[in-house]
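Below: the structure, in structure tokens.
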Amino acid sequence: MSHSDRYFYLCSGFHRSGTSMIAQCLAKGGMRMGEDLMGASFSNPLGHLEDMPVVRLHDKIFEINGTNWQYCDDSQLIKPSWLQNYLIRYIQGRTQDNIIQGVKDPRAVYFLDDWEIAGQQAIKYIFIYRHWANAAQSLLNRASRHLINSMAPIAANRVNYRFWQQPDLAFQMWLSSNQRMLNFYLAHPDKCVLIAQEGFASGGFEAQPLADKLALPVSCLTPSEFKPELMTSTLDADAVAFIGDDLRKQLDELWQRLQNHAQVPAPGSCSSPYSVADHPHKPVAKPGELSHQGFKLDGLTWAELLGFLSSIPHKLLQPELFSDGFRRPYGSVEQFLSLAKITHNAGFYALTKLARLRAMQVHTGHWRIEQWDLFSDKCDDWYHKDDASLPQVIPFSLRPIGERELGVLPLIDGLADIGERELLARIAKLATPAARKVIEATLLYKPLSRPELFHQLSQLAQKVRAYELAELAMIKALRMDYQVDYLVGLGDIYYQQKLFNQALQVLEEASALSPSQVAIQVRLAQVHNALGNKESYALFKRQAQSLAPNHPMVKRWLVDKQPTSAESEVISSPANLLARQCYEVLSYEEVLKVVQANKAEGQTLDLHNLRVGFLLRDNQAWLEDANRTLSCSGATHLRTSIYRQWQKLWPRPLLNSYLGLPLDRPAYTQNKSIGATGTPMALYIDTQDPQRLQALLSLVNCHKVQIELHIVTTTEQQSEIEQLVEGWSGKVHINSLPSGYPEAKAWLACCSAALAGYPAVAKLHTYSDAPVGQICNRLLAQWYGLLGTDELLNKALSFFSHNEPAALLVPPYLPQHAELLLQESWLTAQQQKCKKYGLPEPSERVIVPTDKMFWYSPAALNTLPWPEELVEDTDFYTLLPTVLEQAEKVTQSIQLV
């Protein structure tokens, strides 16, 4: 194919419908999918293959329309005039060599007409669709996965939480996206192929006709990258409750239409599993029926802003939309004149005048208005004429009083006859919306005779946060009297809007008129500080202090904050040392970087990170707080979705115990391997609650290594526990003790006898303040910190095997444990106890087990004497590291191994 005959390919379809699967096949067949590709994520481990410039472009259009990728035709989507030029440049930049070029983005279904205009005859389309039930379920699964990835309240994750606030959102998105895709396909059937994910994945189709139609190698359409385990095939029963009969009917009808037109339809068995009552068809809402959206224009360049504003229908334009144009760094004369044209056509005449005044200022570069020369050829000696005598081309002019809208407010109706001072006094008493309207009308239709009146009007405008009107009034005051107070006032208006360069310019003019005025020097220092000009900031600060060291502004604004001792702490402080031994949650982005560098390591870190987040959160309160504002069906489904994600973190009996749900009878895994030392591992478990023990054993059973159990319980519980551990793969020893027997004494006795031959033992218990049978975060954190992974078990064994002084390994701290150890009262009590038993007083906080659970070496402990009084002390376990330290034995945090 010649250079001129080459095609560019756009691959699109609804989210979670298989666009990444198709893109992987296209790439493997030789198509280049872009130069800056979005990588893998937890929801798409094979990679998205989306070219980031296109993703950012589509997202930008959504954002400035006040929406995002969840858009479903629920508002009118305004396309800026520059969009097609961007797409033309993108396509041309990608088709300069002989490699097959394409791009994939699900968002593109809302911009297909724009791509078609940009690509003309040189673009072809590959569309993929998936059954609405499966696509929606996959979307909900991904959203719930994102929710548990954050420590913040669920409602703070507004994008993903929205799926449960608007329970039919995922289905409306599918309907809107696929309807647009099908409409485009029917309009351009000669340059599109339509493929069902289910049909493509099955491989039961002829690829050659598709390849011929698209002028592609057949290898591009061979489903070699498909992984069945990544597909969601069922819809939660709770999610069905989200779908009314009318919506379900529309979903099924559109699915059937897609099937009828597809070159590769889904197999015949892929039909909707839900019956639909025969209700009249209810169409998707049309843009004209939709509520007004909130546009978001920050972040656009001047050219992009003007292009977008010019594309918005006048009925959707509001004055507030133009605030972003006025509250950004000054543009060029041409840009302000273009902005003036748009505001004038929309009927926002005060903003038109301000835009033209800014153009006049930019043209000359200063605020000596008498010398402004833009538009001067239209009116000789304009500066000395009053506002009412100026032609409209000079923006200081007034508009005809008869033009004002009557019946809005009495003050506007009587504007021509009311006195100036009375008018200002009455404006000051108005509520904000009314005040803004009267101030605008005054600036457009009322001649004020003195500059101080415009100054007062500007202050009234600032009071109601109408900064564009305040600026317009202050510029009018400056025209009448070029003096310091009005320049400073204008500088303050710019500073409030963070227009620091403009504030600097006008304040420098004010300083030239009055170089010894301390208020100006203070303001200049503030502006330079905001701009990051540290040397200039220090200079003006010194000048202000030398001019008036006791001036209130100097004292209030320029006194440096002295750093406190807490701010200069080094890493060796007790707080920082403890922080290194605490559980820590990494950000999603940090974990994802590891995933992209090393998939296996990243997935392990991801699982650990999610578990730690679970441990540090009050999960039931976290979920219930989110459910308070949801409908009954939405709350039910959110609980189901979150529970499904939690099941990926913890074995089901452990999770059910945590949540207070019924526990299943355990089935233990057999054929375990021997640990790294060649010796089976041992657990010492003190328990009087069989249900909690069942939860603990479900966590232990996840490990591949063989583990032997030494369980201490009461006579009353022994029989039930014996039944519970039937079928355990390793040896089990159960000892019953009478109630009230000292716990530490029983443990030390077992340590010197039954456990003496093990290189290392994990000491555990099942005691908790939670209801009987339930575990809490504190208990789970200790278990997980000691038994989290096979790698952790082998590290513990290796630590004791290769470090002769090693005696104790302590699990990571929860924040409340670390806070306890930081308290001076805790350290004082420890020191007193050490003195009582003849132990060396700890000079600083030491690593201690906070909940009587740890790994230990029986050999290290069995060589030490254990006084009866010490063993029976309630603080025995927090004193244990000091006892070991005295015997030159090492206690370490497992977090640091």
Side-chain angles (χ1 to χ4, degrees), residues 34-36 38 50-69 71 76-94 103 105 107-108 110-111 114-115 117-118 293-314 316-346 348 351-352 354-363 365 374 467-468 471 494-505 530-532:
E35 306 298 329
D36 181 16
M38 182 187 297
E50 294 173 13
D51 200 20
M52 291 308 299
V54 170
V55 173
R56 286 191 287 264
L57 175 63
H58 291 153
D59 278 342
K60 177 182 281 189
I61 308 303
F62 282 137
E63 182 181 0
I64 60 182
N65 275 274
T67 184
N68 58 21
W69 60 272
Y71 178 73
Q76 186 172 348
L77 192 64
I78 308 299
K79 309 287 184 64
S81 58
W82 41 263
L83 171 59
Q84 288 165 12
N85 288 333
Y86 269 55
L87 295 177
I88 290 170
R89 290 198 298 271
Y90 175 80
I91 293 172
Q92 289 176 345
R94 290 282 311 279
V103 70
D105 188 9
R107 302 160 188 80
Y110 290 101
F111 305 94
D114 303 286
W115 280 95
I117 293 171
Q293 69 261 37
F295 297 106
K296 297 180 180 178
L297 308 181
D298 53 331
L300 299 181
T301 65
W302 264 105
E304 291 169 347
L305 174 70
L306 295 170
F308 183 74
L309 289 174
S310 64
S311 301
I312 300 176
H314 288 173
L316 294 180
L317 285 171
Q318 299 292 331
E320 294 77 15
L321 277 179
F322 296 94
S323 294
D324 186 80
F326 289 107
R327 297 178 190 176
R328 60 174 54 215
Y330 266 22
S332 65
V333 172
E334 292 74 19
Q335 287 164 346
F336 278 125
L337 292 180
S338 296
L339 185 63
K341 183 178 180 180
I342 298 169
T343 56
H344 180 79
N345 290 338
F348 304 135
L351 298 181
T352 301
L354 178 60
R356 291 167 69 84
L357 287 172
R358 284 198 177 182
M360 294 180 78
Q361 192 278 329
V362 170
H363 189 258
L374 187 64
Y467 294 115
E468 287 82 21
E471 180 183 354
Y494 290 142
Y495 187 85
Q496 290 178 74
Q497 299 175 84
K498 299 184 178 180
L499 294 171
F500 300 124
N501 283 313
Q502 283 67 51
L504 178 61
Q505 183 186 27
L531 288 168

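- Taken to the nearest 0.5 Å, the CG atom of Asn68 stands 14.0 Å off from the CD1 atom of Ile61.
- A distance-only check finds a donor-acceptor pair linking the side chain of Asn65 to the backbone of Ile78 [under 3.5 Å].
- A distance-only check finds no donor-acceptor pair linking the side chain of Gln335 to the backbone of Tyr330 [under 3.5 Å].
- Of all heavy-atom pairs spanning Leu309 and Leu317, the tightest one is O-CD2, 4.3 Å.
- Between Leu531 and Asn501, the closest side-chain pair of non-hydrogen atoms falls below 4.5 Å.
- Listed here is the closest heavy atom pair of Phe336 and Gly331: CE1-N, 3.4 Å.
- Summarising the geometry, atom CG belonging to Leu316 is positioned 5.5 Å from atom CD belonging to Gln76; distances are rounded to the nearest 0.5 Å.
- In this structure, Pro53 and Tyr90 approach most closely via the heavy-atom pair CB-CE1, 4.4 Å.
- Between Leu351 and Pro319 the shortest heavy-atom distance is CD1-O, 3.9 Å.
- Residues forming a ring-ring contact (aromatic ring centres under 6.0 Å, His included) with Phe500 (at least two apart in sequence, or on another chain): Tyr495.
- Rounding to the nearest 0.5 angstrom, the gap separating the CG atom in Leu83 from the NE2 atom in His58 is 7.0 Å.
- Shown here is Lys296, whose NZ atom has no more than 12 heavy atoms of other residues, nucleotides or ligands within 6.0 Å.
- Using a 4.5 Å heavy-atom cutoff, the side chains of Val103 and Trp115 are in contact.
- Cation-pi geometry between Arg328 and Phe326 is not met: the NZ or CZ atom fails to fall both under 6.0 Å from the ring centre and inside 45° of the normal.
- Ser338 and Leu306 get closest at one heavy-atom pair: CB-CD1, 3.9 Å.
- With a 4.5 Å cut-off on side-chain heavy atoms, Glu468 and Gln497 count as touching.
- In this pair, Phe322 and Phe348 present their aromatic rings perpendicular. The plane angle is above 60°, beyond the 30 to 60° band.
- A distance of 6.0 Å separates CG of Leu374 from CE of Met360, quoted to the nearest 0.5 Å.
- A distance of 11.5 Å separates OH in Tyr467 from CG in Leu499, rounded to the nearest 0.5 Å.
- A search for ring-ring contact (aromatic ring centres under 6.0 Å, His included) contacts involving His363 returns nothing, not counting sequence neighbours.
- Partners of Glu304 under the salt bridge (Lys or Arg N to Asp or Glu O under 4.0 Å) rule, at least two apart in sequence or in another chain, are Lys60.
- Shown here for Arg94 and Gly34, the closest heavy-atom pair between the two residues is NH2-N, 3.4 Å.
- Aromatic rings of Tyr110 and Trp69 (six-membered ring for Trp) have centroids beyond the 6.0 Å cut-off, not under it.
- In terms of modelled atom types and a separation under 3.5 Å, the side chain of Ser311 and the main chain of Lys79 share a donor-acceptor contact.
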Report task. Decide side-chain contact (heavy atoms from CB on, under 4.5 Å) for Gln505 and Gln361; before the verdict, give the C-alpha distance in whole Å, the side-chain angles of both, and the deciding distance to 0.1 Å. Result -> CA-CA 11 Å; Gln505 183 186 27; Gln361 192 278 329; 3.3 Å; yes

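- For Arg358, the salt bridge (Lys or Arg N to Asp or Glu O under 4.0 Å) criterion is met by Glu471, not counting sequence neighbours.
- Applying the salt bridge (Lys or Arg N to Asp or Glu O under 4.0 Å) rule to Glu320 yields no partners; only residues at least two apart in sequence or on another chain are considered.
- Remark: Phe308 engages Phe295 in a ring-ring contact (aromatic ring centres under 6.0 Å, His included) (not counting sequence neighbours).
- Here Leu87 contributes atom CG and Trp82 contributes atom CH2; the two are 9.5 Å apart, rounded to the nearest 0.5 Å.
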